[in-house]
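Let me begin by presenting the structure, written as C-alpha cells, before commenting on it.
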Amino acid sequence: MKNILFTLLLSFVCCKEYNGTPAAPKNYSKYESEALSFCKSNGFNEDYFFLIDMSIHPGKNRFFVYDFKSNKFTYKKLVTHGSCDVVSENPEKWEKAKFNNANDSHCTAKGKYKIGKRDYSSWGIKVKYWLHGLEKTNANAEKRVIVLHSWDAVSDEEVYPKVSPLSWGCPAVSDAFMKVLDGKLKQTPKPVLLWIIGD
C-alpha cells in the first residue's frame, strides 16, 4: 500500500513539473498597450501581434500570439534564440539569449519588427517571412537575413529543463506552429508587428 501511495505522489509531482505553461505568467500589459498604440499609429494590423520574450528559459514557451480583441494570448510556443558565438564568448548561450545587432554576430536582436514578404525557405515547411527591424537595436535584420521560419529540430511542446536548439539570430519555431502563423499571416492584409523583448 505504501508503494502505491508513493507512486501516486511521485506521478503527481512529475506532472506538476512538466505540465507546460508556467502557473503564474508574467504581466505583459505594458507591452500589449504599447503594441496596440504602435499598430494604430503606423497602419499595422490591429487584430493581433507577436511577442517573443527571450528572458524566458529556451525550453519553455516564449513566443506569444496576442489577440487585441479578446485581450489574451491565443498561442504560446517555443522559439529559438541566436547563438551569439561570433561577437563574444557566450558560455551560457544554450540557456540565455544575448543581444547584438552587428552583421554576422549570430545574435538575437531586440525590438519591434515589421513582418514582411512571404518567401521560400530551405528550412522546415519551406516558408519564411522577412523581418524588417524598426529600431536601432534591430536595424540590420534584412542584411543579416533574420527571418521568421520553422525548423524540424524545434519541438511543438515545451522541453524544459532541456533547451531548444540555437539559431544564427532567426526566431525559428516548430513546423506545426509555423503552419498556424503562416495561415494567419496569409489572411492579414496589413503588416503584423513582431516584438522581441528580453533582459
Side-chain angles (χ1 to χ4, degrees), residues 15-81 96-97 99 108-116 118 124-125 127-129 131-135 137-138 146-151 154-164 167 170-199:
C15 289
K16 290 284 282 185
E17 289 178 352
Y18 299 98
N19 68 348
T21 307
K26 288 174 147 185
N27 184 347
Y28 294 109
S29 58
K30 68 175 184 178
Y31 295 103
E32 295 152 10
S33 58
E34 184 177 334
L36 181 57
S37 177
F38 176 88
C39 290
K40 287 180 176 178
S41 299
N42 293 278
F44 277 51
N45 180 277
E46 296 176 29
D47 294 328
Y48 64 90
F49 85 106
F50 301 156
L51 179 69
I52 298 176
D53 184 355
M54 289 299 184
S55 70
I56 296 175
H57 186 278
K60 292 188 175 184
N61 294 331
R62 54 185 183 170
F63 188 123
F64 307 103
V65 177
Y66 184 80
D67 186 281
F68 288 124
K69 293 181 178 179
S70 62
N71 296 317
K72 66 180 182 181
F73 292 116
T74 53
Y75 292 95
K76 302 177 184 181
K77 291 291 182 179
L78 296 176
V79 64
T80 62
H81 65 255
K96 188 173 182 179
F99 305 99
T108 295
K110 285 196 287 188
K112 299 182 182 74
Y113 294 82
K114 180 178 81 170
I115 299 179
R118 184 181 190 267
I125 65 168
V127 171
K128 70 183 177 190
Y129 284 86
L131 297 179
H132 306 283
L134 303 175
E135 303 183 68
T137 54
N138 59 11
I146 300 301
V147 297
L148 173 62
H149 68 88
S150 69
W151 184 8
V154 181
S155 174
D156 196 48
E157 302 294 336
E158 289 188 324
V159 296
Y160 181 84
K162 295 180 181 179
V163 297
S164 293
S167 73
C170 293
V173 299
S174 71
D175 289 349
F177 188 39
M178 189 65 196
K179 290 177 182 178
V180 172
L181 299 180
D182 186 39
K184 291 179 71 66
L185 291 169
K186 285 193 297 184
Q187 296 176 19
T188 306
K190 291 184 178 181
V192 172
L193 172 65
L194 182 148
W195 192 354
I196 296 179
I197 63 173
D199 295 336

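In this structure, the separation between CG on Leu194 and CD1 on Ile146 is 12.0 Å, given to the nearest 0.5 Å. Here Ile196 contributes atom CD1 and Ile52 contributes atom CD1; the two are 4.5 Å apart, rounded to the nearest 0.5 Å. The distance from atom CG of Leu51 to atom NZ of Lys112, rounded to the nearest 0.5 Å, is 10.5 Å. In this structure, the separation between CG on Asp67 and OH on Tyr75 is 10.5 Å, given to the nearest 0.5 Å.
Not a single donor-acceptor pair under 3.5 Å links the side chain of Thr108 to the backbone N or O of His81. Of the possible polar contacts, one joining the Asn45 side chain to the Asp47 backbone as a donor-acceptor pair under 3.5 Å is found. Under the 3.5 Å distance criterion, the side-chain polar atoms of Ser55 are left unmatched by any main-chain donor or acceptor of Ile197. Ser37 contributes no side-chain N or O that, together with a main-chain N or O of Ser33, makes up a donor-acceptor pair within less than 3.5 Å. In this structure a side-chain-to-backbone donor-acceptor pair under 3.5 Å is missing from Ser164 to Val154.
Counting heavy atoms from C-beta on, the side chains of Tyr113 and Asn138 come closer than 4.5 Å. When side chains are defined from C-beta on, Val173 does not count as touching Leu78, because their heavy atoms never get closer than 4.5 Å. With contacts defined as side-chain heavy-atom distances shorter than 4.5 Å, the pair Leu148/Met178 qualifies. A 4.5 Å side-chain heavy-atom check between Arg118 and Leu185 finds every atom pair outside the cut-off. Annotation: side chain of Phe99 is not in contact with side chain of Thr137 (no heavy-atom distance under 4.5 Å). A 4.5 Å side-chain heavy-atom check between Cys39 and Phe68 finds at least one atom pair inside the cut-off.
The side-chain contact (heavy atoms from CB on, under 4.5 Å) test with Glu158 is passed by exactly one of His57, Lys76, Arg62, Lys60: Lys60.
The two atoms that bring Ala172 and Trp151 nearest to each other are CB-CB, 4.3 Å, heavy atoms only. In terms of heavy atoms, Ser150 sits closest to Ser174 at CB-O, 3.6 Å. For the residue pair Phe63 and Phe177, the shortest heavy atom distance occurs at CD2-CE2, 3.5 Å. Across every non-hydrogen atom of Val192 and Phe49, the tightest pair is CG1-CA, 4.4 Å. The shortest non-hydrogen separation linking Met54 to Thr80 is CE-O, 3.2 Å.
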Residues Tyr28, Phe73; criterion ring-ring contact (aromatic ring centres under 6.0 Å, His included); working and verdict: CA-CA 10 Å; Tyr28 294 109; Phe73 292 116; 5.8 Å; yes

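The pair Asp156-Lys77 meets the salt-bridge criterion, since a charged nitrogen lies less than 4.0 angstrom from a carboxylate oxygen.
Inspection of the Tyr129 and Asp182 side chains reveals an N or O donor paired with an N or O acceptor under 3.5 Å. Neither side chain, Ser155 nor Lys162, offers a donor N or O lying under 3.5 Å from an acceptor on the other.
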